[in-house]
Each structure stands twice: as structure tokens, then as C-alpha cells.
There are 2 protein chains.
Amino acid sequence: MRVGIVGCGTVGSGVVKLLLQNSSLIERRTGEKIEIAFVADKNPEKVKSLGVPVDRVYDDGFEALKSVDCDVIVELIGGTTVARDLIIEALKMEKHVVTANKALLADYGKDLFMLARESGVSLKFEASVGGGIPVIKALREGLVGNRIKGIYGIINGTANYILTMMTEKKVDFYTALKEAQELGYAEADPTLDVEGYDAAHKIAILSSLAYCRWVKTENVYLRGIREITPLDIELAMDFGYRIKLLAISKLEENGMEVRVHPTMIPENHILASVNGVFNACLVDGDFVGETLYYGKGAGEKPTASAVVSDIVDLALGNFYDVPECLFEKSEVKIKEPDEFVSSFYLRFTALDKPGVLASISKILAKFGISIKMALQKSVTVEGGVPVVMTTHPAKKRDVQKAIEEIDKLDVILKPTFVCMIEEFTNE
Amino acid sequence: MRVGIVGCGTVGSGVVKLLLQNSSLIERRTGEKIEIAFVADKNPEKVKSLGVPVDRVYDDGFEALKSVDCDVIVELIGGTTVARDLIIEALKMEKHVVTANKALLADYGKDLFMLARESGVSLKFEASVGGGIPVIKALREGLVGNRIKGIYGIINGTANYILTMMTEKKVDFYTALKEAQELGYAEADPTLDVEGYDAAHKIAILSSLAYCRWVKTENVYLRGIREITPLDIELAMDFGYRIKLLAISKLEENGMEVRVHPTMIPENHILASVNGVFNACLVDGDFVGETLYYGKGAGEKPTASAVVSDIVDLALGNFYDVPECLFEKSEVKIKEPDEFVSSFYLRFTALDKPGVLASISKILAKFGISIKMALQKSVTVEGGVPVVMTTHPAKKRDVQKAIEEIDKLDVILKPTFVCMIEEFTNE
């Protein structure tokens, strides 16, 4: 199998290193020889320094694609413009394509997979979610016999590192972010990671695989982690929860919900043990029950491992990329955020005077929201006292309306902080 | 794809139910129709009660195999006699075979896979390890680009349930076993599970896949969990460890080690959060780093999920069963237990008098064993006081010799309890 690699940044370098180092092991295992046909990057010197023979190094991927004989194109350029053009070009030339490009797949996947189908080739993307963790393979092949009920992923390492630091070191968001940036775990502009866009791309891809319905980034309800404070992390712990940026998708009778937001999860749940830059994805199937896939979700070497598994799959004739049913008309509805039903954590900032709890409870009751636990802390925060509650499952719309009314009370000093709770009791 | 199922006990029933319930979903996903060609069981009435059409129900698997047209035989008889004959027969008839039979594969795998190869068919076995968790697929396909450095599995749900109960409820082994039996998590004769044979079968299979070297059950160093006491669990917790029945295999420069034994692991390691009947398998690869696969390791429905994933793989033309290199002569040596290097936990039962610690330490020093932490508990156990130590990494042989000498001391009242510690610091 002759492989052309376009883009030799972090992941591209990892793929080159892996193939140079382990391709004889791969051949011993599978009988298939994986050869680097070319590596194209606008910095060809860097490619040469990795040990790629000079005559296989190109500075233009499109040119290499046209002039070099190869079976698979590995797109590791990133972005949704040039990368997209290259993939389209390669598919039209009836080359298989392997990519790690989650943003591209989340937004243009449907057309690209359709084109691959028309060209009789395969578009593989294991590295697009969960770095080195073979979660796409697990979901698509390992659990192929299951109706998928839910997916719960900690699939952004940057956000998880920041929340872990905030939890363990009791520092605030900006301190943790700064540390993550210094360690190379966060970009200078961390928006994609901390606002949840990256996790949204990934849960869109996983949901599409799971439910026979294309899900795009714009279908994902999104909230980032900037608003999380050390106080909420501490209060969550008082209630037995940890806060994670969780990407959730569920298929229920009345539709699918797909969302990414800070979520409180029980401290004894296995996902609560996923810390630092590690990723994990829990998949709940009707026969298999809950399974979880854990590992490094990013980085040169783990991501290279995933890219190479796709290449070897193609070499072995495993061409399954996305489910057939994705090309049929889907009847699955995607729910509006208003319709979400969840337990909630509510932190009110109130004046320290009698009757506050009564006023709050009355409004909650009016909207049919039932309180599970309540806690009033004898500390002063932003001029008031934190009044904290968790609710039994309630409609997000009702909670929002109640909060709007509560926040208008004279005794409430600040907008109320709201966080959804995931109890994992669906089974 | 026409499937013949032989054996309709727990797992067989699950497979029949899954195919009856979800085969249209599978067809929508993959375009492949999975049809039950026949189900054979010595209790045909049971099969009929599941909804299998009467004309496809047989009481003899060999007869069905000969008379019914099918592409895949699913062997779910269990044991290593009739099951083996059936698989041989099916492979000779050039039928693909899917099995969940870990004992059979661990001991006769080499010949069976060779026969499959000669017949040009595939022998698949996802359900043989970790129930519904697609860990075979992950190891064989998802991590195919990695040199595997180590595998660490909690792969026996019965043992894990018992140890979890002992930890959480502070009960002894026999009380926990009885509870497990009452709940159906342990057999009336629990030997296979609590003595580690079942885990040994499984780690033999995983190791064979990982290291290009056939590993049989007899190559696995084995110790069960009967000897674990609530005291050791409590003392382990004092040192920051949890006790798990861990199946471990590592490939190092001087050979491979494969072992199943109670192991202390750091309480903050993700494997320490794998509780109850859940299984998990951590695989450490040179590129991917540590990945973990978690889920239900047994039971009708999870195991059926794994069996069906093999069937669908075959339908889609993914015939990869075991690495090619397993049929070459292997140069990988399997280490003797004496050569294992590990940190150790040692619990001495000593007379409560001065100089005990000095006598013990002197002998340990003589054998070059360095103490990491020591703890003397002011409780009386079996007429003495527990003196507990953890060591820095030491050779098992040296530790054994030191213990033999220490146990001869007048101040030592009982044979010393020894447990290996896994710190997961290989990376």
C-alpha cells in the first residue's frame, strides 16, 4: 500500500516517524507493506530532516497527488479550505483518503463521504476523535450490533486539563489556562477548546455514526468552561460531583439531543477518574451496556497511531467508513435545547436575610421544578451568600423561566449560575 | 451472510435475541443481511421459545453443519472437546468460525488458527476476552501500528466483584464469594475465576496478539485471590493502593512476562476505579501510550454484542484474525517467575517486641532489597502484630529467598504475606 502524506506538522511528523519506525512490525503482523510514496509540506526541509528520502519530498500536495503513484492520501493539513479541496481531488482520482480533520468532517462530511462512495473508495477518520483511542472503530465496528442509546465524551484534553487543575489545585480558570498554555496543552487562542467547538465537532461525528443521522456542529448545543469558578467546583464536590466538559448525545423516542457543556457527574463514576489531558468516551448500547474508551486524545504520537490504523485497515480491505443509512432520509429529529430534560445545579447569590429560600423555592415550585438537595454556605461571595440547590429532572425551558423570574427578585444579587447534572441512570 | 449457531446457553441466547432484534439495524448500517441459518442445541425447545423458526432448530450441531447452507459457524458450546471438534469440522468445510471460547483458544489456538489459514477462512474471537468490550479489535486493529509494551487487565468480573465487595463492605473473601454466588456473579465452583485460570486464558490470548508469540495458559504465572484478607486491603489503602486481580503481560528487552495475581495499584490510577463486575484492559503502546477499554466482561447481552461484531466483520470482508507473525518462529522468550522485577508489599506477622524491624530489615538488606515505606500497626492479628513494608523494585527470586529466611526467625509467627505492586511507571 503506497501512502501519500500531505501536511507534515505535528500529526504528519508522527505518522512519518511511526511508518519509518514500525512499518516492518506492521508488515510482520498483517503481511502488508505500508510504503511512504511521498510527503508534501510547504516546509520540505523539515520533512527531509525526519529521514524521508529526498525524492519523495514535495512542497505541494496537489502536485504530488498528480504525479506520484499512490493508493491512499493522508490529509493532515487542517482547516476547511485547502484540506477540503485536496480531499475532493484525491477522492475524484479514486484514492482512499485518511484524515484527522474533525472540523471538516463535522461540517462537510456528508458531501465528502458521498463523493467517496461515488468514487468507490473509502474516507477514514479514526484520528478525528479521541486521538489515539480507537473509539471510531469501537463505535462503528465493535458495537455494530447495538442500538446506541447514548454517548458521553470527555473529548477535549485542553478543557479537561484546565478543569482538573482547577479541581486539584483550587485555582481559577485563567490561572489554569495560563499553566496549560505554558505546558503546550492549550493554544495561544484557546477559543476552540475552552468554548467547546472542538468537542462539538467530535460529538457531531460520533453521533452521525451512532444514529444514522448527519449531525453538524450547528446542531450541537454549546457552552464553554470559562464561567466555571473554583467555588462551583468545591460546591459540586460537597454534593458528590465533579465538573467535566462533557459532550453528550442521546437517542430517545422523541428525538436526539446533542450537547457540549460543563456537566456535573457523580464522583464515583468512571468518567470522573478521567483527568488531565486524557480523553474518554463512554458509549451505551442496548446489548453491550456501558463501555468506555480512554487514552491520550491528542499529540503527535497518539494521533499518528490512529492515522496508521486507518491506513492498515485500507491495506487489509476494511473499507467501512460510515454507515450506509446515513445516505437515506433520516427520520430522527434533533431536539431544541429548551426540550432537554436534566437534573440541574443552581447557585443563587442572595442577600443574607430571612425568607430567601422560601422565595426561591416558591418560584421553582410554580414551574414544577422539584428540589433534590439544598445547601446554604456561610461564606460571602460577591456581596451575598451562595444558596445552592440540585433539582430532580426538569425541562431546561422551565428551569430557564424560573431562573429569569428568580433573578428579578430584590434579594438576588447576581445572575444565577446553572449547570446540568448527568446521573447516568438511563439504564 | 448466513449464520449457524451451535450452543444456545447464555451467550447463544443473547446472539439469537440480538439478531432477531437488531439485524435490520445492522443491515441499514452495513448493507449486509445477517440471517440465522440454524440454531443447534441439545434443548431445541429452548431455542424455539426464543422465536427461531422451527425449521431452523436442530438438536445436533454437527448434523446442522453438514445439512444447512451457511457461511459462518458460531461455536458457543464451551469446553475444549466437542467445541474443538466442531470448530475443526467447520474450518475444514471452509466455513468461517466465530467463538467466545477462551480456554480452547488459549490451549489449542495455534493449531486452529493454522487450520483456518490453510482453509482460507477466518477464526474470530472478540467475545473471548472482556465480554462486550471490543478489546481484541482495539489491540489487533486499532493499535496495529504500535509496538505493544504492556497489557494490564481486570478481566475476570467474578474476582473483581469479590475484591470490590471486600474493599467497600470490609467483609472477608468467603462472605463476598457467597454474595457473588447468590447474585449469579460466581459459579457454584468458583475455582476458574477466583484462582485466576479464566484471566490466564484471556491474557494468554491478548499476549499472543500483541507480541507475535503464542502464549499458552501454562506460560502464565498464576496466583488467585483466596489468600487476600480484609486486613491487607485496609493496609493497602493506608499505603494509597487498591488490590485487584490483575492480568499483566509486558514485553521487555530480556523477554516477555505474563502473570495473573492479586496486585496493588495506585488508588488514583484509572484501573483502581474499575469496580464490581466491570472489566477493563489497559494497553500500552509505543506511539499511542496508555489506552483503556472498559465495560461488562460477561453476560448474555454484552457477549452477544461481541459475537455479532465478529459476524458483521466477516460479512464486510474483514477477515483479519491473528497476526501473520504468529506463524513464524518466535525469538521472544517467556521469563520465569523468579526473574520478575517488581515492587512488593510484605506483611510480616511478628511478636510485639523490640528489634523485630531491625532483624527483618537486615535480611532484606542482605538480599539487596530496599524498603520504600514501613508501617507497624498497633493491632493484634493472629497473636502478633502486622509489620508492613513496601519495597523498591526487586527481583522476585531475591524477595522469595529473603522471606524464606525471615519466616524462620523466632519473632515471626506466620508465613509472610507477599503481594506485587504495579506502579505503572514504565512510560
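Naming convention: chains lettered A, B, ... in sequence-line order (proteins, then strands); numbering from 1 in each chain. Small disclaimer: the values here were computed from a predicted structure and weren't measured. Worth knowing before you read on, the calculation uses all heavy atoms, side chains too, and leaves out hydrogens, waters and symmetry mates.
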S.K.: Under 4.5 Å heavy-atom distance to chain A, tell me which part of I148(B) shows up: side chain, backbone, both or neither.
M.R.: both
S.K.: With a 4.0 Å cut-off, would you call R117(A) and D321(A) a salt bridge?
M.R.: yes
S.K.: Quick one, L139(B) and C281(B) - any side-chain contact, counting heavy atoms below 4.5 Å?
M.R.: no
S.K.: What residue in R147(A), E300(A), R140(A) has the most heavy-atom pairs under 4.5 Å with chain B?
M.R.: R147(A)
S.K.: Could you measure the distance from the CG atom of D284(B) to the NZ atom of K149(B)? Nearest 0.5 Å is fine.
M.R.: 4.5 Å
S.K.: I'd like to know if the side chain of T291(B) and the backbone of V283(B) have a donor-acceptor N/O pair within less than 3.5 Å.
M.R.: yes
S.K.: What part of E27(A) lies closer than 4.5 angstrom to a heavy atom of chain B: side chain, backbone, both or neither?
M.R.: neither
S.K.: Taking every non-hydrogen pair under 4.5 Å, which of I270(A), I26(A), L209(A) racks up the most with chain B?
M.R.: I270(A)
S.K.: At a heavy-atom separation under 4.5 Å, does Y293(A) approach chain B through its side chain, its backbone, both, or neither?
M.R.: both
S.K.: Using non-hydrogen atoms only, which part of L25(A) is less than 4.5 Å away from chain B: side chain, backbone, both, or neither?
M.R.: side chain
S.K.: For a 4.5 angstrom cut-off between non-hydrogen side-chain atoms, does K137(B) reach D313(B)?
M.R.: yes
S.K.: Could you check if a side-chain atom of E267(A) sits within less than 4.5 angstrom of a side-chain atom of Y241(A), using non-hydrogen atoms only?
M.R.: no
S.K.: Between I133(A), L292(A), L326(A), N275(A), which shows the greatest number of heavy-atom pairs under 4.5 Å with chain B?
M.R.: L292(A)
S.K.: Picking from G131(A), S309(A), G130(A), which has the most non-hydrogen pairs under 4.5 angstrom with chain B?
M.R.: S309(A)
S.K.: With only heavy atoms counted, which part of E328(A) is less than 4.5 Å from chain B, the side chain, the backbone, both or neither?
M.R.: side chain
S.K.: Side chain of N160(B), backbone of V277(B): donor and acceptor closer than 3.5 Å?
M.R.: no
S.K.: Less than 4.5 Å to any heavy atom of chain B: does that hold for the side chain of A210(A), its backbone, both, or neither?
M.R.: backbone
S.K.: Let me know if D286(A) has heavy atoms under 4.5 Å from chain B in its side chain, its backbone, both or neither.
M.R.: both
S.K.: Are the aromatic rings of Y294(B) and Y294(A) close, with centres under 6.0 Å apart?
M.R.: no
S.K.: Heavy-atom distances under 4.5 Å only: say whether N146(B) touches chain A with side chain, backbone, both or neither.
M.R.: both
S.K.: Non-hydrogen atoms of chain B under 4.5 Å away: do they reach the side chain of V312(A), the backbone, both or neither?
M.R.: side chain
S.K.: Between R29(B) and E141(A), is there a salt bridge with N-O shorter than 4.0 Å?
M.R.: no
